[in-house]
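Structure record follows, encoded as structure tokens.
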Amino acid sequence: MAILRRTLVLLLILFCLTTYELHVHAADDTKVGEGVVKIDCGGRCKGRCSKSSRTKLCLRACNSCCFRCNCVPPGTAGNHHLCPCYASITTRGGRLKCP
């Protein structure tokens, strides 16, 4: 009986955390159309490129990648694993396009 109770409590906690995460991420985004969530590429790329030495170039590349993937990794660098599409776009020369 105790194992069942602990399992139910753990499932309830997991459900609450998942619901909270979805709510937090949904607050960052705005709904467009039929259930499609479109992020604010300009705002996210501005934060992503804030420490870049070539801000305009960074913003142009970031916005291009964001419009294609609808995703921008958090922070000013790295974290590409959180947005695989963003991390997979390359230039014609084979270098990563997205900052």
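Note that the coordinates shown come from a computational prediction; the quantities given were computed from them, not determined experimentally.
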query = About how many Å separate OG of Ser64 and CG of Leu59, when rounded to the nearest 0.5 Å?
reply = 12.0 Å
ask   = Are any side-chain N or O atoms of Thr7 and backbone N or O atoms of Ile3, one a donor and one an acceptor, separated by less than 3.5 Å?
value = yes
query = Going by heavy atoms in the side chains, are Val72 and Cys83 under 4.5 Å from each other?
reply = no
query = SG to SG, are Cys58 and Cys49 under 2.5 angstrom apart?
reply = yes
query = In terms of SG positions, are Cys66 and Cys41 separated by less than 2.5 Å?
reply = yes
message = Can a donor-acceptor pair be found, under 3.5 Å and without considering hydrogens, that links the side chain of Tyr86 to the backbone of Pro99?
response = yes
message = Donor-acceptor check, side chain of Arg95 to backbone of Thr90, threshold 3.5 angstrom: yes or no?
response = no
note = Asn70 and Ile39 have their tightest heavy-atom pair at OD1-N, 3.1 Å
ask   = Hey, does the side chain of Asn79 reach the backbone of Pro74 with a donor-acceptor pair shorter than 3.5 angstrom?
value = yes
key: From CZ (Arg48) to SG (Cys65), nearest 0.5 Å   = 10.0 Å
request  = Find the distance between NE2 (His80) and SG (Cys71) and round it off to the nearest 0.5 Å.
outcome  = 10.0 Å
remark   = When rounded to the nearest 0.5 Å, the distance separating NZ of Lys46 from CG of Asn63 is 12.0 Å
request  = Would you kindly say whether the two SG atoms, from Cys69 and from Cys85, are closer than 2.5 Å?
outcome  = yes
inquiry  = Just verifying a value: how many Å separate Leu57 CG and Cys62 SG, rounded to the nearest 0.5 Å?
reply    = 11.5 Å
